[in-house]
Amino acid sequence: MAKCRVCNSKIEPFMSFGKMPIANGFLTLDQLSTEYFFELSPAFCSHCGMFQIIEQPEAEKMFHENYAFFSSTSKYMQKHFKEFSEYVRDSFLIDQIDPFLVELGSNDGIMLRNFKEAGVRHLGIEPSVNVANIARDQGITTISEFFDLELAKRIVREHGHVDAVLSANVMCHIPNINSVAEGVAHLLKPAGVLVFEDPYLGDVISKISYDQIYDEHVFLFSATSVSWAFGQHGLELIDVSPQITHGGSMRYIFAAKGSYPVSPNVTSILEKEKAQGLDKAETYEIFKQGCENSRKALLGLLEELRREGKRVVGYGATSKSTTVTNYSGIGPEHIEFISDTTPIKQGKLTPGAHIPVKSHEDFINNKPDYALLFAWNHAKEIFEKEEDFQKQGGKWITFVPRVEII
Ligand code: TYD
Ligand code: ZN
């Protein structure tokens, strides 16, 4: 029997997506025979409310010197992180003398570059060396290690305590959330804050965006579950702020208990989560049914287009799409190739499904009848960029919140 990573209660998966490869594990032909698979099965802990996957591959299998996710591939995300850093500066740093901040999982420096440009003392922690090097090349101070209490102690010894610990789309990646919370509590000054954002469980459930469930996302957070998890370590949820990134995210702000007033936003989000049933096991049974329906509808549509001899390609070789293709049984027989702007993914095969990844130029020069939008979270940016595709008769297929042709 598995145990909850937060509160140690016994938990059981409510479904399985089957055997899954590493979501960002793009492969060359000679790597096919050694591809790694694990069982992707999510569980809900009814004691502390944490949504989690039972089995997660070891961190070194996912985050390494060939990590394929580069945060700065989206223009919209660059703007988002500029705004995020302005929010932190204006809310928490403005009165501090020589403030110091730490970001957990700083990737290619998409957030910290804004602080670096403003001359703010900062330290990025990014275990994936290749993306960390891009940040270093821009003068962003970065160390390539995994964060825990030990590292927190070393940072305090070497640089002193911290005004703000930041993280975006990283906290939900770290299985030992208790060690991270202890580390953060150790790092912070008495008035220091922890500000992080991640894909929001409430959106995943309401949109049936089950593709947010993959190896890296060991947790999908709600305000209920994070306040429980960090509350164990003396940190209090003082505010929340919904974000549209990654198809629906939530920003959480924590501080030492009693050090800040708690915003009314916190009470209202906790009530909203109760009303949505995020605290009830039945909700996840309904979600499971929704996943099965979504899978059937998408595969059914692709089979039909294949019978009609239509050309279909994928758009955006996202981490999320690994769950969609492998769970739904979508392969190169349905999708000719996936267009992606990330050089390290191009010329490789997608994890598990083995669909070739090609450059954006291949999409432009070889326009298909249909494009399946795996990067649905960037729909606005992509539709603007690809106006010509639609003008020339091309059609988009999406599957969130429902399978449809646009
Ligand atoms: P993203 O949706 O951010 O996330 P995840 O991997 O977390 O599921 O990934 C976007 C992918 O789509 C990334 O590989 C870059 C690619 N992409 C394009 O190819 N073209 C675009 O215009 C955009 C915005 C993204
Ligand atoms: Zn629990």
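Counting starts at 1 for both ligands and their atoms, following the listed order.
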Checklist entry - Does atom CD of Q392 have more than 12 heavy-atom neighbours, drawn from other residues, nucleotides or ligands, at distances under 6.0 Å? => result yes
Next on the checklist: Just to confirm my numbers, could you give the angle made at the Zn ion (ligand 2) by SG of C7 and SG of C48, rounded to 10°?
Outcome noted: 110°
Checklist entry - Y315 and F363: aromatic ring centres closer than 6.0 Å? => result yes
Checklist outcome for this item: atom 3 (O) of ligand 1 sits nearest the protein heavy atom H378 NE2, 3.1 Å
Checklist outcome for this item: Quick look: F69 vs ligand 1, heavy-atom contacts under 4.0 Å, and the answer is side chain
Checklist outcome for this item: re atom 9 (O) of ligand 1, the protein heavy-atom contact at minimum distance is T318 CG2, 3.6 Å
Checklist entry - For atom 5 (P) of ligand 1, what is the nearest protein heavy atom, given as residue, atom name and distance? => result S319 OG, 3.4 Å
Checklist entry - What protein heavy atom is closest to atom 8 (O) of ligand 1, reported as residue, atom name and distance in Å? => result K320 NZ, 2.8 Å
Checklist entry - Regarding K61 and the six-membered ring of Y36, is the cationic atom NZ or CZ under 6.0 Å from the ring centre and inside 45° of its axis? => result yes
Checklist entry - Rounded to the nearest 0.5 Å, how far does CG of L151 lie from CD of E145? => result 5.0 Å
Item to check | Atoms of ligand 1, numbered as shown, that sit under 4.0 Å from any heavy atom of G316 | outcome: 12 (O)
Checklist entry - Among the heavy atoms of H246, does any lie under 4.0 Å from an atom of ligand 1? => result yes
Next on the checklist: Any salt bridge linking K296 with E292? Criterion: basic side-chain nitrogen under 4.0 Å from a carboxylate oxygen.
Outcome noted: no
Next on the checklist: Please state which option from N24, T322, I382, D340 has its nearest heavy atom closest to atom 11 (C) of ligand 1.
Outcome noted: D340
Item to check | Student check: side-chain heavy atoms of N169 and F69 closer than 4.5 Å | outcome: no
Checklist entry - Measuring to the Zn ion (ligand 2), does C4 have an N/O/S atom at a distance below 2.8 Å? => result yes
Item to check | Structural part of Y214 in contact with ligand 1, heavy atom criterion under 4.0 angstrom | outcome: side chain
Checklist entry - Hey, what do you get for CZ (R136) to CG (D108), rounding to the nearest 0.5 Å? => result 12.5 Å
Next on the checklist: Residue-level breakdown please: for K345 versus ligand 1, do any non-hydrogen atoms fall below 4.0 Å on the side chain, on the backbone, on both, or on neither?
Outcome noted: side chain
Item to check | Approximate separation, where rounding is to 0.5 Å, of L194 CG and L237 CG | outcome: 10.0 Å
Checklist entry - In terms of atom number and element, which parts of ligand 1 are under 4.0 angstrom from non-hydrogen atoms of K385? => result 20 (N), 21 (C), 22 (O)
Item to check | Check: C45 main-chain N/O paired with H47 side-chain donor or acceptor under 3.5 Å | outcome: no
Item to check | Heavy atom of the protein closest to atom 18 (C) of ligand 1 (residue, atom name, distance) | outcome: T341 OG1, 3.5 Å
